[in-house]
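Encoded as structure tokens, the structure appears first; notes follow it.
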Amino acid sequence: MERTYIADALKCEGKEIQVRGFVDSIRNSKAMAFIVLKDITGRLQITVEKEKHPELCPLLDQITADSVIAVTGTLIANDYVKLNGFEMLPSEGESLKIESLADALPIVRKEIPATKKRPGVERSGVDQRIDYRWIDLRTDENQLMFKAQTKLVAALREFLLERNFLEIHSPKLIGTASESGSDVFEVKYFDRNAYLAQSPQFYKQMAMASGFERIFECGPVFRAEKSYTSRHTTEFTGFDLEFSYIDSFRDVMKMEEELLTHALKAVKEAYGDEIKEAFGKEVIVPTLPFPVITLKKLYEELEAKYGYTLPESEKGDLTTEAEQLSYRWVMETYGHEFLFVTDFDAEKRAFYHMRDENGVPQGYDLIWRGVEITTGAQREHRYDVLKAQAAEKGLDEDVKFYLDFFRYGCPPHGGFGLGVDRITMLLCGLGIKDSMFIFRGPNRLNP
Ligand code: AMO
């Protein structure tokens, strides 16, 4: 018999069907057994009257929580059943099969509150849960998070495909340390060394020199940074795009705000209520345009309103503290969750950002709920200027292959990189370890 998802089973009253999934809980008493079965779509109570099914009793005695079983039976309405008002009654004969028995679980996925009869049990810490991430991911909350992420990425894709963007897949093994020259992972590559791409930056720009005009890529990004914050990981998923024939970095900002608004609308429609219930976070579809402020003005505002003083060493860049405070500021000033920050110092930005006549990089950071989710810019596409800017950062030899992209004709262009894991984490109000499928950090290479 074909397997029916639990969400569909609930529409099959009176029919004999088969459901398969994890045992969410089992109550096995003398006369009756109640199993709550969970699959990716929902939960269903299976009620076994033992007298009617003596052949199932030895199996029922074996079943543990989180075991995987298959049950064939008939769905009937029963007002006494709290779960959906339905229960499944197994068919006669061998209607229950144990597919896999689970050992006692090594982690506590959710806090168990104390009752009069027994003390409460604390939830395991995040690092312990990551050790057994596949078990941790079975919770409704975690599965919801990945359903929402899937929706988000699908909506980003959909928006861009409708606007003639091509999807590219650039190499992650590259021959030279790239970008800002900041920490990259070196890997053995036969008899020499290669590096893991810290961004698809060079290749998305190469696509502009290839005349692709509009491209995006969703793929892994590697950063050899020893950061131990709730926002940093050594490998994450980047959603990057690049497009040609822009007149200013403002065109890039416009594209991004429209893209994100579309994606958040899709997530809200599909999962807004569930996210609110599971994580206590409202999915807010932002209004257009997003607020914009220069870095200098932002610091003035933060100082005047909240007494924030910028450490001298951090001048020209956005500090983590200021990033967090900017959320309060943008909410109080605009009632908006997003903030574009522009006019960083050239010294603090990548060499490939175009600069204006005063040397100001033509780019931005986008901050959502107090965390940077994007860097974007118009790129310098004029070979001589770009070469000089790379030389200024001591990178001209390293990026020679990249500079060549600009020698044989290249349209003006710009783009941005969005951290998918950061969006998911902010959407659910979690830290990065809790919101990645599997977190990677300086001390974490397993599972
Ligand atoms: P940037 O280095 O700012 O820009 O990265 C783009 C976005 O990626 C996310 N991000 C991270 N997420 C988790 N852990 C990290 N360690 C981490 N580092 C970055 C953030 C960030 O905004 N080439 C440029 C993009 C461009 O100009 O198109 C770049 O890589 O959300």
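All values below were derived from every heavy atom in this structure, side-chain atoms included, with hydrogens, water molecules and symmetry-related copies excluded. For ligands, and for the atoms within them, numbers begin at 1 and follow the listed sequence.
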For this session: Check Arg231 against ligand 1 and report side chain, backbone, both or neither, counting heavy atoms closer than 4.0 Å.
Result: backbone
Seminar exercise, completed: One should read off an interatomic distance between His381 NE2 and Tyr383 OH, to the nearest 0.5 angstrom, of 15.0 Å
Exercise. Just which atoms of ligand 1 are under 4.0 Å from any heavy atom in Gly419?
Worked result: 7 (C), 8 (O), 9 (C), 31 (O)
Exercise. Any N or O of Gly417 that comes nearer than 3.5 Å to an N or O of ligand 1?
Worked result: yes
For this session: Could you tell me whether Thr233 approaches ligand 1 through its side chain, its backbone, both or neither, with non-hydrogen atoms closer than 4.0 Å?
Result: both
Problem set entry | Polar contact flag for Ile373 and ligand 1 (N/O pairs, less than 3.5 Å) | yes
Exercise. Quick one: does ligand 1 sit under 4.0 Å from the side chain of Gln201, the backbone, both or neither, non-hydrogen atoms only?
Worked result: side chain
Problem set entry | Proximity to ligand 1 by part of Arg379, non-hydrogen separation under 4.0 Å | side chain
Problem set entry | Heavy-atom closest contact (Pro286 atom, His336 atom, distance) | CB-CE1, 3.7 Å
For this session: Run the contact test for Asp421 against ligand 1 with a 4.0 Å cut-off on heavy atoms, strictly below, and give the result.
Result: no
For this session: State the CD-NZ distance between Glu314 and Lys348, to the nearest 0.5 angstrom.
Result: 6.5 Å
Problem set entry | Centroid separation Trp329 to Tyr327 less than 6.0 Å | no
Exercise. Which residue from His232, Met425, Arg349, Glu372 reaches closest to atom 21 (C) of ligand 1 through any of its heavy atoms?
Worked result: Glu372
Exercise. Can you find an N/O atom of Tyr352 closer than 3.5 Å to an N/O atom of ligand 1?
Worked result: yes
Exercise. Is the shortest side-chain N to carboxylate O distance from Asp39 to Arg3 below 4.0 Å?
Worked result: yes
Problem set entry | Side-chain ion pair, Glu167 and Arg157, N-O less than 4.0 Å | yes
Problem set entry | Short N-O contact, Asp421 and Arg231, less than 4.0 angstrom | no
Exercise. Under 6.0 Å between ring centres, would you say that holds for Phe216 and Phe239?
Worked result: yes
Exercise. Which ligand 1 atoms, with their elements, are less than 4.0 angstrom from a heavy-atom of Glu225?
Worked result: 16 (N)
Exercise. Just how far is it from atom CD of Glu242 to atom CZ of Phe212, taken to the nearest 0.5 Å?
Worked result: 13.5 Å
For this session: Determine whether the side chain, the backbone, both or neither of Arg223 has a heavy atom under 4.0 Å from any heavy atom of ligand 1.
Result: side chain
Seminar exercise, completed: So the atoms of ligand 1 within less than 4.0 Å of a heavy atom of Ser199 turn out to be 23 (N), 30 (O)
Exercise. Non-hydrogen atoms of Lys204 versus ligand 1: any pair closer than 4.0 Å?
Worked result: yes
Problem set entry | Under 4.0 Å to a heavy atom of Phe416 - the qualifying atoms of ligand 1, by number | 26 (C), 28 (O)
For this session: Report yes or no: do Gln143 and Lys38 form a side-chain donor-acceptor pair below 3.5 Å?
Result: yes
For this session: Under 4.0 Å, heavy atoms only, figure out whether ligand 1 is touched by the backbone of Phe222, its side chain, both or neither.
Result: neither
